[in-house]
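The figures here come from the full heavy-atom set of this structure, side chains too, leaving out hydrogens, waters and symmetry mates. What you are looking at is a predicted structure, and each value in this text was computed from that prediction instead of being measured.
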Protein chains: 2
Amino acid sequence: MHYQALIKQLKDRRESLQVTQDTLAEISGVSLRALKQLESGKGNPTLETLSKLAEALGLELSLQLKTNR
Amino acid sequence: MHYQALIKQLKDRRESLQVTQDTLAEISGVSLRALKQLESGKGNPTLETLSKLAEALGLELSLQLKTNR
DNA sequence: CTTGATAGTGCATTATACTGCTCTTTTTGT
DNA sequence: ACAAAAAGAGCAGTATAATGCACTATCAAG
């Protein structure tokens, strides 16, 4: 699945902010279990879960026109 | 939920391409039922569902730094 | 080596997304 | 107004995301 890049981006962002999964789970309102699954590539998170995490990380989901190359 | 904007963007994009829900469901591989629910604001779609639709509409999901205003 | 912090996994339960079928409502074109 | 097309909703079944608990693995600091 190509959207794994998006997941990785979330994880990278968390790490660059030096926030633990535990902390991110707390401030985002997403369960620690769900976050762990997601970051370890096991998941197909819902938009709500993604939004909560993005929000907590100072990011936002957006749709962009695909660059045709 | 603020991510309703994202849903609306998908719907607007479909309409601007003059594609019916029926057709989009077919080409994206998402069930018509799920698409209808989503566009009518009832849903909390999974990343996979979003990705399929975005892909079919020539869009892509991305994460952006939130502009603090 | 031991301790503590962080990350990942197995299992079971609950909630809900996805699906197909059918029917109703709304919109569009003539 | 009528008919056709498109959108939306009710219901039921299946698949799976989210959750909590307990356990293991990895790593760094002492």
**Prompt:** Is any side-chain heavy atom of A:K8 less than 4.5 Å from a side-chain heavy atom of A:E39?
**Reply:** no

**Item:** Partner of B:L50 under side chain to side chain contact (heavy atoms under 4.5 Å, CB included), chosen from A:L63, A:L47, A:T46
**Value:** A:L47

**Request:** Please name the pair of heavy atoms, one in A:S40 and one in A:K36, separated by the smallest distance, quoted to 0.1 Å.
**Result:** OG-O, 2.8 Å

**Message:** Regarding B:K52, tell me which of base, sugar-phosphate or nothing describes its non-hydrogen contacts under 4.0 Å with the strands shown.
**Reply:** nothing

**Asked** In residues 34-41 of chain A, what residues come within less than 4.0 Å of DNA chain D, judged by heavy atoms?
**Response** A:A34, A:Q37

**Item:** Presence of donor-acceptor pair under 3.5 Å, side chain of B:R33 and base of D:dG8
**Value:** no

**Prompt:** Taking atom C1' of D:dT16 as reference, at what distance in whole Å does atom CD of B:E48 sit?
**Reply:** 11 Å

**Item:** Side chain proximity check, B:L61 to B:L6, heavy atoms < 4.5 angstrom
**Value:** yes

**Gap between atoms CG and C1', on B:N44 and D:dA17 respectively (whole Å)** = 10 Å

**Request:** Check each residue of residues 19-30 of chain A for a non-hydrogen atom within less than 4.0 Å of any atom in DNA chain C, then write out the ones that pass by number, or none.
**Result:** A:T20, A:Q21

**Asked** Is the closest basic N to carboxylate O distance between B:E55 and A:K66 below 4.0 Å?
**Response** yes

**Request:** Please report, rounded to the nearest Å, how far the P atom of D:dA17 is from the CG atom of B:L47.
**Result:** 11 Å

**Complete:** Outer limits of DNA chain C sitting under 4.0 Å from a non-hydrogen atom of chain B, read 5' to 3', are C:dA17 to C:dC21

